[in-house]
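Model, not experiment: these values are computed from the prediction.
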Amino acid sequence: IQFANGGNGRIGILPDSSGYLGNTISGNQGNGMLIHFGSTALIGGNIISGNGVATVNGVALGPGSRSGVFLSQAAANFIGHNTIESNPDSGIFVRQGQLFLGNSWANLDTTGNVIRLNGCGSEAGSNRSGVFMFDGSTGEIRSTTLTANCGSNVQMFFGGTLDIRGSTLSSADPQRGTPAGTPGML
């Protein structure tokens with residue numbers, strides 16, 4: 001799924017905003033979602049899992065190129081009930097963008113976002129996290145569970161602001177155990 005050059009969209013939200021329809025976005029060679037260059041997206045009720053399966057000669061395609069969601073100079077609001085998991089790079093990779101997790105919109109339930117088991121690709125990389133934000137990115141994380149990501153659950157580099165409230169950041173995963181050396185936030 002791609003939104004570019006000012007494109008706007010709703011992914012997984014019923015047309016009348018009364019609830020979530022949901023989608024499964026999985027198995028893509030690159031990112032599951034690419035939102036960039038002035039675009040915005042409202043996202044709810046989706047499973048974004050197992051994207052970024054492509055490599056060139058066994059090497060990853062570049063920073064963030066195998067993420068569940070890649071935001072660059074754009075904004076995304078993950079309202080509620082999204083699961084972002086098992087992407088080889090970061091679950092959500094944000095460059096000069098605005099990220100909102102669990103923020104209210106219309107009368108939709110804002111709970112239930114889960115970001116887990118991301119950044120577990122075999123190649124080395126410091127940008128593997130549940131949420132990786134850099135280069136002046138800003139955001140808010142509300143009522144979201146970030147757990148058992150192989151890098152940090154949240155990483156921020158080179159400026160920006162992030163406000164986290166009512167969320168759980170944990171290295172434990174009841175199904176798979178705890179990845180070694182997983183910090184909650186960097």
Side-chain angles (χ1 to χ4, degrees), residues 1-3 7-36 39-54 60-61 64-71 74-94 97 99-121 128-133 139-154 166-177 179 182:
I1 295 176
Q2 178 174 334
F3 295 103
N8 300 306
R10 299 168 95 175
I11 303 164
I13 301 171
L14 292 172
D16 65 359
S17 301
S18 63
Y20 300 115
L21 181 60
N23 299 288
T24 298
I25 302 163
S26 182
N28 294 290
Q29 290 186 352
N31 299 303
M33 289 184 189
L34 176 60
I35 305 165
H36 58 130
S39 299
T40 59
L42 294 171
I43 303 162
N46 299 289
I47 297 170
I48 304 166
S49 176
N51 295 289
V53 296
L61 301 175
S65 64
R66 297 170 22 145
S67 296
V69 179
F70 186 98
L71 289 175
N77 186 355
F78 291 82
I79 298 165
H81 297 278
N82 292 289
T83 298
I84 302 171
E85 65 182 358
S86 302
N87 297 289
D89 210 326
S90 296
I92 302 175
F93 189 98
V94 185
L99 171 67
F100 303 97
L101 289 166
N103 283 14
S104 62
W105 189 79
N107 291 319
L108 295 171
D109 180 8
T110 61
T111 63
N113 284 318
V114 176
I115 301 173
R116 66 180 181 178
L117 303 169
N118 294 289
C120 300
R128 300 180 327 184
S129 302
V131 175
F132 182 84
M133 300 176 73
E140 298 178 1
I141 298 176
R142 306 276 190 271
S143 304
T144 297
T145 299
L146 293 110
T147 186
N149 293 289
C150 290
S152 298
N153 285 312
V154 177
S167 295
T168 301
L169 282 75
S170 169
S171 61
D173 180 60
Q175 296 174 348
R176 297 188 184 193
T182 302

Q: Nearest 0.5 Å please: distance from the CZ atom of Phe70 over to the CD1 atom of Ile35.
A: 11.0 Å
Q.
Is any side-chain heavy atom of His81 closer than 4.5 Å to one of Asp109?
A. yes
(Q) Taking the side chain as everything from C-beta on, heavy atoms only, tell me whether Ser129 gets closer than 4.5 Å to Asn149. (A) no
Q) What's the spacing between Ile47 CD1 and Ile25 CD1 if we round to 0.5 Å? A) 10.0 Å
Q | Heavy-atom pair with the smallest gap, counting every atom of Gly139 and Met133 | A | N-CE, 3.8 Å
Q | Heavy-atom side-chain contact between Ile141 and Leu169 under 4.5 Å | A | no
Q | Arg10 side chain to Ser17 side chain, donor-acceptor N/O pair below 3.5 angstrom | A | yes
Q: To the nearest 0.5 Å, tell me how far Asn87 CG sits from Arg116 CZ.
A: 12.0 Å
Q: Assess whether side-chain contact (heavy atoms from CB on, under 4.5 Å) is satisfied between Asn23 and Ile1, documenting all intermediate values.
A: CA-CA 11 Å; Asn23 299 288; Ile1 295 176; 5.8 Å; no
Q. Just how far is it from atom CG of Asn77 to atom CD1 of Ile13, taken to the nearest 0.5 Å?
A. 7.5 Å
Q) Got a donor-acceptor contact below 3.5 angstrom from the Asn113 side chain to the Asn82 backbone? A) yes
(Q) Between Tyr20 and Ile79, is there a side-chain heavy-atom distance shorter than 4.5 Å? (A) yes
Q) Side chains of Thr168 and Thr147: does their closest heavy-atom pair fall under 4.5 Å? A) no
(Q) So for atom CG, which belongs to Asn107, do other residues, nucleotides or ligands contribute more than 12 heavy atoms lying within a distance under 6.0 Å? (A) no
Q) Between atom CG of Leu99 and atom CD1 of Ile92, what is the distance when rounded to the nearest 0.5 Å? A) 5.0 Å
**Q.** Where Gly52 and Pro88 come nearest, the two heavy atoms and their spacing
**A.** O-CG, 3.4 Å
Q | Thr40: side chain to side chain donor-acceptor pair (under 3.5 Å) partners, not counting sequence neighbours | A | Asn8
Q | Non-hydrogen side-chain atoms of Thr144 and Phe78 separated by less than 4.5 Å | A | no
Q: Could you tell me whether the side chain of Ser90 reaches within less than 4.5 Å of the side chain of Asn118, counting heavy atoms only?
A: no
**Q.** Set of residues satisfying side-chain contact (heavy atoms from CB on, under 4.5 Å) with respect to Ser143, sequence neighbours excluded
**A.** Thr111
Q | Beyond-backbone contact of Ile43 with Val69, side-chain heavy atoms, under 4.5 angstrom | A | no
Q: Considering non-hydrogen atoms only, spot the tightest contact between Ser39 and Gly7 and give its length.
A: CB-O, 2.9 Å
Q. How long is the span from the CZ atom in Phe3 to the CE atom in Met33, to the nearest 0.5 Å?
A. 7.5 Å
